Amino acid sequence: MQLHMRKLGFFVCGTALMAGGLFAAACGTDNGTTTTTVPKADGATPNKGDGSVKGDGGDVTPDDDASTGDDGGADCSNVPKLRDTTKGFRCSFLQADGGAYCANDTTCCNPANAPDGGHYATYCASGTKSSTAVGKVCQDYATKNSLDWPEDPAKPGSEWQCADKNQCGAGQVCCMYTGSQFTAATDKVNIGTDKKNYPAACNALSAYKAGGTHCVTGNQCPAGDKPEIKLCSLSDDNCATGTTCTPFAGFYRDMGYCR
């Protein structure tokens, strides 16, 4: 197996107009501020350097009532922003010739940490994406290519098939699901205000208890005991009437969800 180190370095945001991701003009809002500039598809939420893994394993509940008022003069330039994923989507910690992006027809694989405290290499995996193949795309690709995809129930790797439906097949949408390590009935993937990594006045949002994303057939994400969250982007306005594509941070990437 090939063991490589990835560094938790600072990521630099692209052109300001999320996330993660983390998205069409109707979607181009950030807590009430209209976006007029279409960004390059290479922005990223910066790692604040506090050792936390933003949007992965946090223990907060959703805060859909976060204030969208004056930021009080706080520096909000690094808060999550909606991104254009037409040419690909960000794969956190990827070290490849093509940069930090996976092609839309591949899956971003973030393996679990290595036992020695290092980090197994992140990679983009080919393979059929579907809601029934959670973890299988990365696992199968790793087996075929002698890469690492360790199975650690307490801290599994995260598989990101998509950031929005641009990475999915016809008739599918992108959904973010709860991590398999969060087994309590009250543990659910959620998006809430992040006051740890951003100034409180910015009302920045992050995902918590997320296990990754997958492509789901139909226009809605699964509900059930652990409801999943429908994702969108600057280049994928698929939110229903009455909801808006809203940026958040999801495992060191800007993403967007329908709120």
Side-chain angles (χ1 to χ4, degrees), residues 18-23 27 55-64 80 82 85 89 91-92 102 104-110 125 127-140 149 151 153 155-192 205-233 235-251 253-259:
M18 67 198 213
L22 123 101
F23 303 98
C27 256
D56 185 63
D59 190 20
V60 301
T61 54
D63 184 358
D64 289 339
L82 297 179
T85 70
F89 65 112
C91 185
S92 303
C102 285
N104 281 334
D105 61 351
T106 64
T107 292
C108 171
C109 302
N110 289 126
T128 302
K129 305 177 185 183
S130 77
S131 59
T132 59
V134 175
K136 285 288 290 177
V137 176
C138 294
Q139 186 179 68
D140 290 349
W149 188 255
E151 295 186 18
K155 191 174 182 181
S158 56
E159 178 175 285
W160 303 83
Q161 294 185 8
C162 51
D164 56 48
K165 69 178 182 181
N166 283 320
Q167 294 83 50
C168 297
Q172 292 182 320
V173 292
C174 182
C175 303
M176 185 167 60
Y177 54 85
T178 304
S180 60
Q181 71 271 43
F182 301 112
T183 57
T186 54
D187 285 340
K188 300 176 177 66
V189 61
N190 65 92
I191 296 172
L205 302 175
S206 288
Y208 299 88
K209 300 183 180 178
T213 59
H214 58 178
C215 296
V216 176
T217 300
N219 193 46
Q220 300 298 325
C221 294
D225 295 334
K226 295 184 183 293
E228 299 183 11
I229 298 173
K230 185 178 181 181
L231 301 190
C232 53
S233 72
S235 47
D236 172 27
D237 180 9
N238 70 103
C239 294
T241 301
T243 63
T244 302
C245 192
T246 304
F248 70 95
F251 196 73
R253 55 168 70 80
D254 285 359
M255 305 185 85
Y257 78 114
C258 297
R259 169 181 173 181

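Only this structure's heavy atoms are used, side chains among them; waters, hydrogens and symmetry mates stay out. It should be emphasised that the depicted structure is a prediction, and the values quoted were computed from it without experimental measurement.
- Taking the side chain as every heavy atom from C-beta outward, T243 and R259 never approach each other to under 4.5 Å.
- Counting heavy atoms from C-beta on, the side chains of F89 and Q161 never come closer than 4.5 Å.
- For D140, the salt bridge (Lys or Arg N to Asp or Glu O under 4.0 Å) partners are K136, not counting sequence neighbours.
- Here the straight-line distance linking atom OG1 of T107 with atom NZ of K129 works out to 4.5 Å at 0.5 Å rounding.
- The distance from the SG atom of C232 to the NZ atom of K165 is 10.5 Å, given to the nearest 0.5 Å.
- At least one side-chain heavy atom of R253 sits under 4.5 Å from a side-chain heavy atom of C108.
- Taking all atoms of both residues into account, the shortest heavy-atom contact from W149 to G157 is CH2-C, 3.7 Å.
- At a cut-off of 3.5 Å, with distance as the only test, no side-chain donor of T244 or T246 sits close to an acceptor on the other residue.
- Every side chain to side chain contact (heavy atoms under 4.5 Å, CB included) that T217 has, sequence neighbours left out, goes to Q172.
- A side-chain hydrogen bond (donor to acceptor under 3.5 Å, both in side chains) with T85 is found for exactly one of D164, N104, D236, namely D164.
- SG atoms of C174 and C162 are separated by less than 2.5 angstrom, consistent with a disulfide link.
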Disulfide (SG to SG under 2.5 Å) between C221 and C175, intermediate numbers included: CA-CA 6 Å; C221 294; C175 303; 2.1 Å; yes

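- Rounded to the nearest 0.5 angstrom, K209 NZ and T178 OG1 are separated by 9.0 Å.
- The minimum heavy-atom distance linking G192 with Y208 is given by the pair O-CE1, 3.8 Å.
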Could you go through K230 and N238, starting from their C-alpha distance and side-chain angles, then the distance that decides it, and tell me whether this counts as side-chain contact (heavy atoms from CB on, under 4.5 Å)? CA-CA 9 Å; K230 185 178 181 181; N238 70 103; 2.4 Å; yes

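- The CG atom of D105 sits 12.0 Å away from atom SG of C168, with the distance rounded to the nearest 0.5 Å.
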Does the pair Q181 and D187 meet the rule for a side-chain contact (heavy atoms from CB on, under 4.5 Å), with working shown? CA-CA 9 Å; Q181 71 271 43; D187 285 340; over 6 Å; no

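- Here W160 contributes atom CH2 and C102 contributes atom SG; the two are 12.5 Å apart, rounded to the nearest 0.5 Å.
- Listed here is the closest heavy atom pair of L205 and P80: O-CG, 3.8 Å.
- Shown here for F182 and K226, the closest heavy-atom pair between the two residues is O-NZ, 3.5 Å.
- For the atom pair OG1 of T186 and CG of D225, the computed distance is 12.0 Å after rounding to the nearest 0.5 Å.
- By the 4.5 Å heavy-atom criterion applied to side chains, T213 and E228 are not counted as neighbours.
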Working for side-chain contact (heavy atoms from CB on, under 4.5 Å), residues N219 and V173: CA-CA 6 Å; N219 193 46; V173 292; 3.9 Å; yes

Decide side-chain contact (heavy atoms from CB on, under 4.5 Å) for I191 and M176; before the verdict, give the C-alpha distance in whole Å, the side-chain angles of both, and the deciding distance to 0.1 Å. CA-CA 11 Å; I191 296 172; M176 185 167 60; 4.2 Å; yes

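- A disulfide bridge does not connect C245 to C258: their SG atoms sit 2.5 Å or farther from one another.
- The minimum heavy-atom distance linking I229 with V189 is given by the pair CD1-O, 4.0 Å.
- For the residue pair L82 and P247, the shortest heavy atom distance occurs at CD2-N, 3.7 Å.
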